[in-house]
Amino acid sequence: MKRILIVITLTLIFSGLSFAQGDFISGYDIIDIKPIETNIFVPFITNLQTNSIFSNSLFIPGANIYGGAFTHKHSIGIDFGTTIFSTLTAPFLFNLTYEQPDGASRKALDGKFGFRFVYTYGLLEKMDLDITLGMYFMNTYYTNASSYYSGSVYAIPFSAGVRFYFNKGNSSTGFFLLPKLGGTFFITKANLYSLNNTENKDIFVFDRYLSLEMGFRIDISRTLGVTSGVRPFIDISIMDIGVSYIYLLRFVPLPRFSIGILF
């Protein structure tokens, strides 16, 4: 149990040493595309009908299928920030500060795999409900003269919060701040082997936290003037900082790198 806490605690603390915050871009320009002319003859369609049809065209900047200023109501994606944390960041930082004894065949922490599902729902023009659910896996090892520890850690992280966007327009894109509540279920299946005994070390831990995430949502199609319909996005978060029930301080660099669709 203590080694699991050391893994997470050192990861969160030492990650802060490598973080350098850059300037944030609060908005970006939309390329305007001229609306389609409505006086072109179309068989069986009057000019009035044509105007109605193209009033919600995807080719008119600012138009959308929901009306008002909403450019989308939903988004779904897969977050690879969890993958980066569990396979690269956490193992590198921990193994850098904690070395196995000479002759050990395995490192103290070995990240295996991780991912999260991400969903947002548009509440207001610059406000989204944000929900995540994922999982990641790590293996831990320890060797000394008299014993050998081997364990597998299965983690299920989840969170819910509200994004507040800061940009030049009225869309849910660009720079955002995300206050959120979350938690992680840690399930450890492990054994401690000694010369004459094998001791089971299975542990279940539930951590809760309150934090603030800072990042960007990039609506790729906006640069083409397309502001409605199904289209791709990228989410990149710079940091996630807050307080944790078990580890006290929560600090995670690059907590989110998501790709998905808006609609």
Could you check whether any side-chain heavy atom of [X] comes within less than 4.5 Å of a side-chain heavy atom of [Y], counting everything from C-beta outward?
X	Y	value
Lys201	Thr188	no
Phe80	Ile259	yes
Tyr165	Met127	no
Ile261	His72	no
Pro91	Lys107	no
Thr89	Leu254	no
Lys73	Phe263	no
Thr140	Tyr149	yes

Using 0.5 Å steps for rounding, measure from the [atom1] atom of [X] to the [atom2] atom of [Y].
X	Y	atom1	atom2	answer
Phe113	Thr82	CZ	OG1	10.0 Å
Asp128	Leu123	CG	CG	6.5 Å
Met239	Ser211	CE	OG	10.5 Å
Asn196	Ser146	CG	OG	11.0 Å

Heavy-atom closest pair, residues [X] and [Y]:
X	Y	answer
Pro232	Asp219	O-OD1, 3.8 Å
Ala108	Gln100	N-CG, 3.7 Å
Val162	Pro179	O-CD, 3.1 Å
Asn200	Asp202	OD1-N, 3.0 Å

If only atom types and distance count, is the side chain of Thr83 paired as donor or acceptor with the main-chain N or O of Gly114 below 3.5 Å?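 Flag set: sc Thr83 to bb Gly114 pair under 3.5 Å.
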Spell out, as yes or no, whether a donor-acceptor pair under 3.5 Å connects the side chain of Asp240 to the backbone of Arg250.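 A pair under 3.5 Å: no.
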Please work out whether the ring planes of Tyr119 and Tyr121 are parallel, tilted or perpendicular, with thresholds of 30° and 60°. parallel
In a check of side-chain hydrogen bond (donor to acceptor under 3.5 Å, both in side chains) between Arg217 and each of Ser172, Ser237, Ser75, Ser258, which one passes?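 Answer after filtering Ser172, Ser237, Ser75, Ser258: Ser75.
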Going hydrophobic residue to hydrophobic residue with side-chain gaps under 4.5 angstrom, can you get from [X] over to [Y]?
X	Y	answer
Phe158	Leu178	no
Phe176	Phe164	no
Ile234	Ile84	yes
Leu262	Ile220	no
Phe233	Ile76	no

Counting only heavy atoms not in Phe257 (residues, nucleotides, ligands), do more than 12 fall under 6.0 Å from its CZ?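 No, not enclosed.
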For atom CD1 of Ile241, is the number of surrounding heavy atoms from other residues, nucleotides or ligands below 6.0 Å larger than 12? yes
Who are the side chain to side chain donor-acceptor pair (under 3.5 Å) partners of [X], not counting sequence neighbours?
X	result
Asp130	Arg163, Arg256
Tyr154	none
Ser221	none
Ser150	none

Can you list the other members of the hydrophobic cluster that holds Val118, where links are side-chain heavy atoms under 4.5 angstrom apart?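 None; Val118 is a cluster of one.
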Where do Asp207 and Ser244 land on the side chain to side chain donor-acceptor pair (under 3.5 Å) test, with the steps shown first? CA-CA 7 Å; Asp207 181 33; Ser244 164; 2.7 Å; yes
Ring pair (Phe, Tyr, Trp, His ring centres under 6.0 Å) against Tyr193, all qualifying residues, sequence neighbours excluded: none
For Phe206, ring pair (Phe, Tyr, Trp, His ring centres under 6.0 Å) partners two or more places apart: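 Checked Phe206 against ring pair (Phe, Tyr, Trp, His ring centres under 6.0 Å); matches are Phe185.
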Partners of [X] by side chain to side chain contact (heavy atoms under 4.5 Å, CB included), sequence neighbours excluded?
X	answer
Leu177	Phe166, Phe175, Leu212, Met214
Ala155	Tyr136, Thr184, Phe186
Ser159	Arg116, Thr132, Lys180, Tyr209
Asp110	Lys112, Asn139, Tyr141

Could you tell me which residues satisfy salt bridge (charged side-chain N to carboxylate O under 4.0 Å, His left out) with Lys126, sequence neighbours excluded, listed by chain and number?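 By the salt bridge (charged side-chain N to carboxylate O under 4.0 Å, His left out) rule, Lys126 matches no residue at all.
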Let me see the working for Thr143 and Tyr148 under side chain to side chain contact (heavy atoms under 4.5 Å, CB included), right down to the final yes or no. CA-CA 5 Å; Thr143 302; Tyr148 171 73; 3.2 Å; yes
Evaluate the criterion side chain to side chain contact (heavy atoms under 4.5 Å, CB included) for residue pair Asp235 and Asp79; output intermediate values, then yes/no. CA-CA 8 Å; Asp235 276 353; Asp79 172 36; over 6 Å; no
